[in-house]
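A short worksheet on the structure shown next.
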There are 2 protein chains.
Amino acid sequence: MVLCEKCGSDKNVIKSGFIRGQQRLYCKACEVHFTMNLPQKGVNKPIRQVTIVDIAKALGVAPSTVSRALNGSSDINPQTRLEILRVATEMDYRPNLLAQSLHRGETHTIGVVIPDIERPFFAAVLAGIQKVATGAGYRVMICQSNESHSTETLNVQALVASRVDGLLISHSKETTSFEHIKLQLKKGLPIVHFDRVCYDIETSKVVQEDFDGSFALVEHLILQGCRRIAVCAGPRELLISTTRLNGYKAALAKYGIPLDEELIYHSNFKKGEPVLALKAWLELDQKPDGIFAVHYANAVDMIMELKRLRIQIPEQIAVVGFGDELIASLIEPSLTVFHLFPFNVGETAATLLIDNIIHKDTFEPVVKKVKGELIIRESSLRTTSL
Amino acid sequence: MVLCEKCGSDKNVIKSGFIRGQQRLYCKACEVHFTMNLPQKGVNKPIRQVTIVDIAKALGVAPSTVSRALNGSSDINPQTRLEILRVATEMDYRPNLLAQSLHRGETHTIGVVIPDIERPFFAAVLAGIQKVATGAGYRVMICQSNESHSTETLNVQALVASRVDGLLISHSKETTSFEHIKLQLKKGLPIVHFDRVCYDIETSKVVQEDFDGSFALVEHLILQGCRRIAVCAGPRELLISTTRLNGYKAALAKYGIPLDEELIYHSNFKKGEPVLALKAWLELDQKPDGIFAVHYANAVDMIMELKRLRIQIPEQIAVVGFGDELIASLIEPSLTVFHLFPFNVGETAATLLIDNIIHKDTFEPVVKKVKGELIIRESSLRTTSL
DNA sequence: TGCGTTTCCGAAAACGTTTTCGATAGACTT
DNA sequence: AAGTCTATCGAAAACGTTTTCGGAAACGCA
């Protein structure tokens, strides 16, 4: 009743189980299995993008010829090339970057891992990265770690899975183990650290004047007459916190001012913290006459609290901070800061990375320091010293 | 003297031109061309990532079997699967997303085009997008148009070339022609507009309470006793500028306050502009007693200038603005704003887009409005009205 | 006119997956 | 014991490029 596909006879055809829901048949004579494949209804395929093969067919040439024409390579008749280019633009051909990347083994994409895109510092870094990357023909893929070590690890894995050509990373404050980075570095992935770097790993790094900036700010306070300078430092785990704290200590040492552990507070970027620290300081027998905040946001919080307490700034307590957001110049009193150049950090890091990608074999790790600038404003400038 | 590769004899071998720098030979008997390929020195290949084929070889099975094991699909012996998974983790196998994407025709990546990543509003939107996208297993690729129409077009093309599965876009202020979007939409690319949308295109959109927010702010000013309310509007080209301006007009109309064109200024996001506008207003015979700035930054600039001129806020002139950045609460007087929720905007837009991607066929465009909130602060609250 | 050359182009492999199709072994059924 | 079935696996095509290799035609030269 059912004919064999091959011999056309139904003599030797027997059933032979089911396969994917369909009855399967077997012709003993021909020793062949087959199914009665019903004419599948025309599934209207989604609109495909034009491919090289489409162009080749349209012109009756081989795909390789089209590829040659498009890549401006040699070994092609100028006339043929022009013709191909004409048809290509006519059909609005766009090369499939996925296919290209798969073949070439490079994606022309760099991955970026930052703790938080909403922090103006990192947003500006991103802008700098984007500028350089775009200029060099690279795309950028961004991930946020949200200050979590595990998320950071996942981010790195995701970017590696996307086969980025290189990685820019500023670590989360939780990150104390760096195996996820070392692993990729060992596999040959170019990596550049910025801002929150790690010196245990042999990567290029872009840092800021964390030590020098602290030193300059604290020295400035001292020159303004401050002798008991409190510091709102960053999380203990972060290297830059330590570096900035060291700048503070060095400035005190230079002027022979004793270090008082009671005046050192480690903030954790949590809301309300700095105010608590401030209150503790104000209850000391010897109150501070100057405050150095490692992060401008903390400085701002403290200024607001000081104003609420009707403590004169800078006469009773002078305040300085790191990082110059717009806000530093707008609050009253305006805030003396060590101005950072995050856009520069981004540019520098991206430049280093792309260099590393291009000269993978010969590249030697470099550490670059982006200059900052001391901007003196009302919060620390005592009229008495004028 | 040179032996034919095929017959081994040198009888019929003749030279036959050069090819890629090498002498080419021809055996007349065998009718075959060949070159004397010198033993190329072992180019040490770069470290490759482990592939499915590597796993297959290690276990003596077919690549397809490995694929089945990894994808948790059917048609595989549980023991075989476990064995394959064991070896896969042992070899630290990571699927090549490029190859997967190429095959599947989808990248699990969404593209985002924004005018400027450094604007806190857009940074927050991005954070919202990232959260939703990551949660749904999508990666995010970000481009900045820098408020340029041509850059925006290039951005879109680049993202399409990267074969993103969908597009989130907030237009540059230069953009008045939308062909680049319509083209992609016609090709079937899911697109969602947010913030700076365009109603000429049949896309889903996420907007804010531009009209209602303006209305609320201006009504608030009126209720505080203002009768001549100046407005610092946005660029004429932007739809949201018009919408916000309409909210302003509607509020005036409701209370029978005549519209005065002299009190309408169109800002262009350029530094110093708002101050000039303010000066012009102050030279009018009938000075304004209230100012509504469509963008909080303009409001801040004006407050600073008003303070410099020693004009009382809010007694002489009350000020309100759109968008609640941290700064609005920190300057003095603190600024009354219509608080936006950019993170929400990002979340909503990404949710819509991913829905659109997944249900490509049945999806119907939607317009969603993200609620805002009027926050009354010192810059507009007149004690007399208490 | 036969050897040597250059120019242009096509076939096919390769990148790393997934998916389709079908083969085979063994078990179950009558 | 033949017919039927299921479970499991391999081969090969496909995704869209680029690149390598080699063939063929056309041309120059002795």
Side-chain angles (χ1 to χ4, degrees), chain A residues 5 12-20 22-26 28 31-35 37 40 48-56 59-71 73-81 84 93-107 163, chain B residues 5 13-20 22-26 28 31-35 37 48-56 59-71 73-81 84 93-107 163:
Chain A
E5 281 189 346
N12 303 302
V13 174
I14 58 172
K15 292 190 189 174
S16 168
F18 280 83
I19 188 152
R20 273 167 281 274
Q22 287 212 9
Q23 177 67 60
R24 197 165 183 217
L25 304 164
Y26 182 68
K28 287 190 285 183
E31 293 188 351
V32 79
H33 289 268
F34 61 95
T35 66
N37 39 3
Q40 59 179 7
R48 277 188 324 121
Q49 289 269 8
V50 178
T51 76
I52 269 190
V53 182
D54 296 328
I55 302 178
L59 280 164
V61 298
S64 45
T65 307
V66 178
S67 175
R68 269 188 285 256
L70 294 170
N71 292 325
S73 85
S74 56
D75 272 17
I76 184 152
N77 188 322
Q79 290 191 15
T80 320
R81 142 167 318 154
I84 289 176
Y93 166 77
R94 302 302 165 108
N96 186 323
L97 262 42
L98 289 174
Q100 286 187 338
S101 299
L102 178 60
H103 185 87
R104 295 199 179 126
E106 54 183 34
T107 53
R163 296 298 194 273
Chain B
E5 283 189 344
V13 174
I14 57 172
K15 293 188 186 174
S16 169
F18 279 82
I19 190 155
R20 275 167 282 275
Q22 288 212 12
Q23 178 66 59
R24 201 173 183 203
L25 303 164
Y26 182 69
K28 284 191 286 183
E31 292 187 352
V32 79
H33 289 268
F34 62 94
T35 67
N37 37 3
R48 277 188 326 119
Q49 290 268 9
V50 178
T51 76
I52 268 189
V53 181
D54 296 329
I55 302 179
L59 280 165
V61 298
S64 45
T65 306
V66 179
S67 175
R68 268 187 285 255
L70 295 170
N71 292 325
S73 85
S74 57
D75 271 18
I76 183 149
N77 187 322
Q79 292 190 13
T80 321
R81 141 164 321 150
I84 290 176
Y93 166 76
R94 301 302 163 109
N96 186 325
L97 261 42
L98 289 174
Q100 286 187 338
S101 299
L102 177 60
H103 185 86
R104 295 201 177 121
E106 54 183 36
T107 53
R163 296 297 193 273

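Residue numbering restarts at 1 for every chain, and letters A, B, ... go by the order of the sequence lines.
Interatomic distance, A:R104 CZ to B:L98 CG, rounded to the nearest 0.5 Å: 12.5 Å. Annotation: the span from B:T35 atom OG1 to B:L25 atom CG amounts to 7.5 Å, rounded to 0.5 Å. With rounding to the nearest 0.5 Å, the separation of CZ in B:R68 from CD1 in B:I76 is 6.5 Å. Atom-to-atom distance recorded for B:I55:CD1 and B:T65:OG1 is 12.0 Å, nearest 0.5 angstrom. With rounding to the nearest 0.5 angstrom, the OG1 atom of B:T80 is 11.5 Å from the CG atom of B:D75.
Within 4.0 Å of B:R94, counting heavy atoms only, lie sugar-phosphate atoms of the nucleic acid but no base atom. Within 4.0 Å of A:L98, counting heavy atoms only, lies no atom of the nucleic acid at all. In this structure, A:R68 reaches the bases: a heavy-atom distance under 4.0 Å links it to at least one base atom across the strands shown. Using a 4.0 Å heavy-atom distance criterion, A:I14 is classed as a sugar-phosphate-only contact. Nucleic acid contact for A:T51: sugar-phosphate only, since backbone atoms but no base atoms lie under 4.0 Å from a heavy atom of the residue. Base engagement by B:L102 is indicated by at least one non-hydrogen atom pair under 4.0 Å involving a base atom. In this structure, B:N77 reaches the sugar-phosphate backbone alone: every heavy-atom distance under 4.0 Å involves primed, P, OP1 or OP2 atoms, never a base. When heavy atoms are screened at a 4.0 angstrom cut-off, B:T80 is found touching the sugar-phosphate backbone but no base atom.
Phosphate proximity of C:dG10 to A:S64: absent, as no side-chain N or O sits under 4.0 Å from OP1 or OP2. Side-chain N/O atoms of B:K28 include one lying less than 4.0 angstrom from OP1 or OP2 on C:dC3.
Residues A:R81 and B:G17 each lie close to DNA chain C; by heavy-atom proximity, the contact nearer the 5' end of the strand is made by B:G17. Heavy-atom distances to DNA chain C give each of B:Y93 and A:I76 a nearest nucleotide, and the one nearer the 5′ end belongs to A:I76. When the nearest nucleotides of DNA chain D are assigned to A:H103 and B:P78 by heavy-atom distance, the more 5′-ward of the two goes with B:P78. Ranked by how close their nearest DNA chain D nucleotide is to the 5' end, A:L70 and A:S16 are led by A:S16.
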*Show your reasoning for whether side-chain contact (heavy atoms from CB on, under 4.5 Å) applies to B:T51 and B:N96.*
CA-CA 8 Å; B:T51 76; B:N96 186 325; over 6 Å; no

*Any chance you could lay out the side-chain contact (heavy atoms from CB on, under 4.5 Å) test for B:E31 and B:Y26, step after step, and finish with the verdict?*
CA-CA 7 Å; B:E31 292 187 352; B:Y26 182 69; 3.8 Å; yes

*Might you work through the side-chain contact (heavy atoms from CB on, under 4.5 Å) test for A:F34 and A:R24, ending with a clear yes or no?*
CA-CA 6 Å; A:F34 61 95; A:R24 197 165 183 217; over 6 Å; no

_DNA chain C base-pair string [pairs: Watson-Crick or G-U under 3.5 Å; |: paired with another strand]_ = ||||||||||||||||||||||||||||||

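Atoms NE2 (B:H33) and P (C:dC8) sit 18 Å apart, rounded to a whole Å. Atom P of nucleotide C:dG22 and atom CZ of A:R20 are separated by 9 Å, given to the nearest angstrom. Rounded to a whole Å, the CD atom of A:Q22 is 15 Å from the P atom of C:dA23. What separates CD of A:Q79 from C1' of C:dC9 is a distance of 15 Å, to the nearest Å. As a whole-Å value, the separation of B:Q23 CD from C:dC3 P is 15 Å. Residue B:F18 contributes atom CZ, which lies 5 Å from atom P of C:dT5 at whole-angstrom precision.
The main-chain N or O of A:L97 is found under 3.5 Å from a side-chain atom of A:S101 such that the two form a donor-acceptor pair.
Heavy-atom contacts of chain A under 4.0 Å fall on DNA chain D between two terminal nucleotides, which in 5' to 3' order are D:dG3 to D:dT20.
Closest heavy-atom contact between A:P95 and A:Q100: CB-NE2, 3.6 Å. Pairing each heavy atom of B:G17 with each of B:Q23, the nearest pair is O-NE2, 3.3 Å.
Between the base of C:dT7 and the side chain of B:R24 there is no donor-acceptor pair shorter than 3.5 Å.
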